[in-house]
Asker: 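One structure follows; several queries about it will come next.
Bear in mind the structure is a predicted one, so any value in this text is a computation, not a measurement. Within every chain, numbering begins at 1; the chains are lettered A, B, ... in the order of the sequence lines, protein sequences first and strands thereafter.
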Amino acid sequence: MWQPTKLELERLEKAERLQCRGLELYPARVERSHNIAAAVALFLRSEADAPAEAIEVTVTGRIRRLNSKGKVSFAHIEDESGRVQLFMRVNALGEDSYELIRRKLIDIDDFVQASGAMMRTRTGEVSVNVDDIRLLSKALSPLPVVKEQRLADGAVIEYGEFKDTESRYRQRYADLAVNKSVREIFIRRARTIKALRDFLDGEGMLEVETPVLQPLYGGAAARPFSTHHNQLHQDLYLRVSFELYLKRLLVGGYDAVYEIGRDFRNEGVSYKHNTEFTMLEFYKAYIDYMGVMDITERMFAKVAQQVTGSAQITYQGQAINLAPPWKRVSIRDAAQELLGFDYMDYPTSDTLYAYLDSRGLAEGLEPSDTWGRMIVEHLLGNYIEPHLIQPTIIKDYPRDMSPFAKRLQGEPASADEKERHYIESHTERFEFFIAGMEMGNAFTELNDPRDQQERFVDMKRLYAAESDETTPLDEDYLKAMRYGMPPNGGFGSGVDRMVMLLTDQTSIRDVLLYPHLRSQQMTEADLRGQFMLEAAVRGFEYRLDHQLAGTKRRLALYLPAPNVGVEYRLANALEGALPQLRNLRKAFAGYLYVMTDEALYRIDENLIEISAADFWTSLSEA
RNA sequence: GGGCGCGUGGCGCAAUGGCAGCGCAGUUGACUUUUAAUCAAUUGGUUGCAGGUUCGAGUCCUGCCGCGCUCACCA
């Protein structure tokens with residue numbers, strides 16, 4: 001339950017004073033003739049005309065700055081479109097109205113509606129000469145204070161920023177309300193996703209939606225979240241990818257489909273991983289991975305153009321050119337180039353490990369890792385990926401890392417032994433990297449059901465050691481493929497990372513409105529809220545106290561006997577709150593008691609009745 | 001999960017183991033063109049939680065909670 005701070009109490013008191021004046025704090029009706037940017041633009045245009053007409057406007061917004069100078073006051077209000085200054089004089093507003101400003105009954109953070117003619121103040125700032133001001137919404141809690149100084153060159157310096165990351169993520173609304181740059185990130189995010197849709201629609205692809213809850217997960221080797229459907233008595237997984245469902249649609253006769261949606265992976269979080277993230281996948285019939293490369297390059301250039309105005313972007317101070325063509329290099333050649341050896345000279349995991357070890361490149365690698373994993377995760381991830389600042393397509397991945405990709409095409413018969421083995425052991429898969437970050441993944445999709453089945457078995461065998469989480473065999477997917485799947489190229493890309501790139505952010509959390517954070521510990525305020533509810537519904541009284549045992553800080557819930565004299569009522573009353581109570585118990589070092597006039601209970605795993613003697617004993621032990 | 005770091009009024013930050021302070025915001029007063037307005041006065045803190053060492057702990061130690069960075073995991 002909310003326990004107002006001093007500042008909040010002051011605002012509550014103001015709220016009462018406003019109500020005493022007969023003012024509505026949260027009126028239902030609003031008037032607004034222009035958004036702020038439009039009002040300013042209109043005024044600037046009229047100024048250009050010689051005999052400027054008065055521009056009367058009614059604008060709305062949140063007060064972000066308030067400067068009362070006796071009988072004249074200035075405020076800045078802000079709506080999504082921008083800010084404008086309110087010029088308020090007692091003469092124009094009248095004593096009564098002006099008093100609201102002068103006495104600060106209207107505070108910074110309140111939403112107001114202001115009417116008047118547009119004007120310039122003596123210092124030249126475009127303002128509204130306010131003759132009527134109305135409260136639209138009273139802010140009872142003050143937002144963090146951020147002051148802005150506008151320099152002559154238009155630059156804005158912020159003072160007293162709101163930057164504690166935890167508070168900003170947990171109270172994103174406050175972050176957005178005071179940090180304009182944060183608001184801009186999410187506008188740009190929306191534009192990015194729209195630009196992607198525009199592009200893909202323009203390519204003639206059909207946007208589709210496939211199940212988030214899947215009986216079998218697949219399409220990526222990631223650990224899933226699982227859940228259960230009660231009525232169907234069935235376990236379900238939250239999807240880790242859309243791949244298998246989208247490709248089934250090509251069997252169904254669509255030439256090209258795409259989906260933008262949420263994937264869920266039960267894995268660690270990092271600056272570029274969130275447990276749920278936005279994925280884009282598309283599958284297009286009658287093209288191979290080279291066709292996908294073309295689309296990829298065009299798509300990134302076009303989206304960047306649409307979102308930032310240019311295909312040349314700056315990320316963390318580095319100029320990045322997204323315009324095609326991008327560098328395309330096989331993983332084998334990239335390793336050759338950056339590390340100076342041909343991994344095909346070490347065609348088994350044993351020989352490769354031995355070689356890498358001899359060069360001091362095996363740190364973090366296990367001899368038991370598969371050959372493909374050594375190359376892709378270790379060599380690529382650690383030694384190649386960080387160098388890929390300009391967009392780079394790394395292609396032709398080892399087969400055991402690519403269960404849905406077709407084998408590399410070539411002339412095995414005519415090549416020498418090493419090249420023959422290379423072609424047999426690699427696939428038409430590529431990943432592409434920008435700013436040292438993996439941005440996406442694509443293949444010439446496997447459409448041979450017999451080969452696909454073999455791959456499932458191979459994967460199972462290869463990763464059996466890691467047991468629990470291999471890609472399960474999806475028999476229905478194979479069935480679909482047996483009906484005939486057109487040759488196709490597929491693509492998957494993390495949209496959040498693309499947004500990071502286009503907004504110059506280094507953490508995925510800064511491009512997610514509500515990044516995943518561990519839930520906060522139950523607080524006393526939460527518990528009070530819980531009990532206020534229970535008490536209101538069930539009609540009992542309660543009291544929560546600290547200071548049970550001298551100076552030791554303890555929390556106790558006190559339920560007077562007349563209200564909860566009957567034990568089952570007590571149990572009922574606590575049933576809902578018990579999990580929270582247990583949680584709270586941790587915060588109070590394990591001591592939380594419930595008392596009635598008749599009995600004492602300790603909250604443990606359950607509610608345990610104890611004697612008064614036990615109670616005092618356990619307290620003194622603490 | 002491991003390592004490193006952080007947690008002090010609403011926000012941003014100080015405080016060799018020795019009186020918990022500053023700026024902004026707030027409150028009161030002055031000011032009819034300010035813009036980080038200014039001037040004067042002033043309120044507000046169980047220093048994340050719990051224990052310990054000490055004459056004395058925001059500071060040192062232990063445990064817990066949360067966040068950040070990083071490593072691991074993530075074909």
Asker: When you measure from the centre of the six-membered ring of A:Tyr169, is the NZ or CZ of A:Arg509 closer than 6.0 Å and no more than 45° off the axis?
Answerer: no
Asker: Please give, in whole Å, the distance from B:A25 P to A:Leu140 CG?
Answerer: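 It is 21 Å, rounded to the nearest whole Å.
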Asker: Donor-acceptor pair under 3.5 Å: do we get one between A:Gln85's side chain and the base of B:U34?
Answerer: yes
Asker: Taking atom C1' in both B:A36 and B:C74, what distance in whole Å separates the two?
Answerer: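 It comes out at 46 Å once rounded to the nearest Å.
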Asker: Could you tell me how far apart A:Lys69 (NZ) and B:C39 (C1') are, to the nearest whole angstrom?
Answerer: 11 Å
Asker: Can you tell me how far P of B:C74 sits from CD of A:Glu385, to the nearest Å?
Answerer: 14 Å
Asker: Taking atom P in both B:G1 and B:C64, compute the distance separating them and give it to the nearest angstrom.
Answerer: 11 Å
Asker: Suppose you measure atom P in B:C49 against the same atom in B:A57; what distance do you get, rounded to whole Å?
Answerer: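 Nearest-Å result for B:C49 against B:A57 at atom P: 16 Å.
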Asker: Scan every strand shown for a Watson-Crick or G-U wobble partner of B:A40, both distances under 3.5 Å, and answer none if you come up empty.
Answerer: B:U28
Asker: Counting the atoms with a prime plus P, OP1 and OP2 as sugar-phosphate, which does A:Phe87 contact under 4.0 Å by heavy atoms, base, sugar-phosphate, or nothing?
Answerer: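 The answer is base, as A:Phe87 lies within the cut-off (heavy atoms under 4.0 Å) of a base atom.
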Asker: Expressed in angstrom and rounded to an integer, what is the separation of A:Asn274 atom CG from B:C73 atom P?
Answerer: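 These atoms are roughly 20 Å apart.
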Asker: Side-chain N or O of A:Arg168 versus OP1/OP2 of B:C67: is the shortest distance under 4.0 Å?
Answerer: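 No, no such contact exists.
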Asker: So if I apply the salt bridge (charged side-chain N to carboxylate O under 4.0 Å, His left out) rule between A:Glu148 and each of A:Arg65, A:Arg83, A:Lys180, which one comes out positive?
Answerer: A:Arg83
Asker: Counting only side-chain nitrogens and oxygens, does A:Arg429 get under 4.0 Å of the OP1 or OP2 atom of B:A75?
Answerer: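 No, outside the criterion.
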Asker: A:Phe430 vs A:Tyr289 aromatic rings, parallel, tilted or perpendicular, using cut-offs 30° and 60°?
Answerer: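 Rings of A:Phe430 and A:Tyr289: tilted, as their planes differ by 30° to 60°.
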Asker: Does the pair A:Asp107/A:Arg17 count as a salt bridge with the N-to-O cut at 4.0 Å?
Answerer: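 Result for this pair is no, no salt bridge flagged.
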Asker: Quote, to the nearest angstrom, the P distance that separates B:G21 from B:U16.
Answerer: 14 Å
Asker: If each of A:Asn441 and A:Glu148 is mapped to the nucleotide of RNA chain B with the nearest heavy atom, which maps nearer the 5' terminus, i.e. the 5' end?
Answerer: A:Glu148
Asker: Within the 4.0 Å heavy-atom criterion, would you say A:Arg265 contacts the bases, only the backbone, or no part of the nucleic acid?
Answerer: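 A:Arg265: no heavy atom of the nucleic acid under 4.0 Å.
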Asker: Please pick, from B:C73, B:U33, B:A25, the nucleotide with the shortest atom-to-atom distance to any side-chain atom of A:Val145.
Answerer: B:A25
Asker: From B:A36, B:G66, B:U35, pick the nucleotide closest to the side chain of A:Glu166?
Answerer: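 Of the options given, the side chain of A:Glu166 lies nearest B:G66.
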Asker: Using both distances under 3.5 Å as the test, list the Watson-Crick or G-U wobble partner of B:C13, or none.
Answerer: B:G21
Asker: Across the strands shown, which category fits A:Lys71 at heavy-atom distances under 4.0 angstrom: base, sugar-phosphate, nothing?
Answerer: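 A:Lys71: base contact, heavy atoms under 4.0 Å.
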Asker: Tell me what A:Thr121 touches on the nucleic acid: a base, only sugar-phosphate, or nothing, going by heavy atoms under 4.0 Å.
Answerer: base
Asker: With a 4.0 Å limit, can you tell me whether A:Lys104 has a side-chain N or O closer than that to the phosphate oxygens OP1/OP2 of B:U27?
Answerer: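 For B:U27, OP1/OP2 do have a side-chain N/O of A:Lys104 under 4.0 Å.
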Asker: Can you measure A:Glu8 atom CD to B:A25 atom P for me and round it to whole angstrom units?
Answerer: 19 Å
Asker: Between A:Leu380 (CG) and B:A75 (C1'), how many Å, whole number?
Answerer: 12 Å
Asker: B:A50 pairs with which nucleotide, Watson-Crick or G-U wobble, both distances below 3.5 Å?
Answerer: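 In the structure as shown, B:A50 has B:U62 as its Watson-Crick or wobble partner.
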Asker: Does A:Arg103 contact B:U28 through a side-chain donor or acceptor facing the base, at a distance under 3.5 Å?
Answerer: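 Flag unset: no donor-acceptor pair detected.
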Asker: Round to the nearest Å and state the distance from A:Lys272 atom NZ to B:G68 atom C1'.
Answerer: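 Rounding to the nearest Å, NZ of A:Lys272 and C1' of B:G68 are 18 Å apart.
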Asker: Determine the interplanar angle of the A:Trp371 and A:His426 rings, folded into 0 to 90°, and report it as parallel if under 30°, tilted if 30 to 60°, perpendicular if over 60°.
Answerer: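 Taking A:His426 first and then A:Trp371, their aromatic rings stand perpendicular (interplane angle over 60°).
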Asker: Would you say A:Lys6 reaches B:A25's phosphate, i.e. side-chain N/O to OP1/OP2 under 4.0 Å?
Answerer: no
Asker: What is the nucleic acid contact for A:Val90, judged by heavy atoms within less than 4.0 Å: base, sugar-phosphate only, or nothing?
Answerer: base
Asker: Measuring to OP1 and OP2 of B:C69, would you say a side-chain N or O of A:Arg509 lies under 4.0 angstrom away?
Answerer: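 Result: yes.
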Asker: Quantified in whole Å, what is the C1' atom distance between nucleotide B:G23 and nucleotide B:A15?
Answerer: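 Pairwise C1' distance, B:G23 against B:A15, rounds to 15 Å.
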Asker: What is the nucleic acid contact for A:Asp164, judged by heavy atoms within less than 4.0 Å: base, sugar-phosphate only, or nothing?
Answerer: sugar-phosphate
Asker: Identify which one of A:Lys395, A:Lys406, A:Met401, A:Glu445 satisfies the side-chain contact (heavy atoms from CB on, under 4.5 Å) criterion when paired with A:Arg429.
Answerer: A:Met401
Asker: If you find the nucleotide of RNA chain B closest to A:Lys163 and the one closest to A:Tyr159, which residue's nucleotide is nearer the 5' end?
Answerer: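 Nearest nucleotide further toward 5': that of A:Lys163.
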Asker: For A:Glu377, report the nucleic acid contact type (base, sugar-phosphate, nothing); a contact means any heavy atom under 4.0 Å.
Answerer: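 Sugar-phosphate contact only - A:Glu377 comes under 4.0 Å of backbone atoms but never of a base.
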Asker: For the base of B:U33, is there a side-chain donor-acceptor partner from A:Thr123 under 3.5 Å away?
Answerer: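 A donor-acceptor contact between them is absent.
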Asker: For atom P, what is the distance between B:C24 and B:U43, given to the nearest Å?
Answerer: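 About 16 Å, rounded to a whole number of Å.
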Asker: For a quick check of understanding: with a heavy-atom distance under 4.0 Å over all strands, which category does A:Ser68 fall into, base, sugar-phosphate or nothing?
Answerer: base
Asker: Quote, to the nearest angstrom, the C1' distance that separates B:U70 from B:C13.
Answerer: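 It works out to 26 Å between them.
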Asker: Among the nucleotides B:U33, B:A75, B:C67, which one has an atom lying closest to any side-chain atom of A:Phe74?
Answerer: B:U33
Asker: Atom CZ of A:Arg170 to atom C1' of B:G68: distance rounded to whole Å?
Answerer: 13 Å
Asker: For B:G68 versus B:U27, give the span between their P atoms, rounded off to a whole number of Å.
Answerer: 34 Å
Asker: Please find the pair of heavy atoms, one from A:Ser425 and one from A:Met344, that lie closest to each other, and give the distance.
Answerer: OG-CE, 4.3 Å
Asker: Of all the nucleotides listed (B:U32, B:C24, B:C74), which has the minimum atom distance to the side chain of A:Lys147?
Answerer: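 Out of B:U32, B:C24, B:C74, the nucleotide with an atom closest to A:Lys147's side chain is B:C24.
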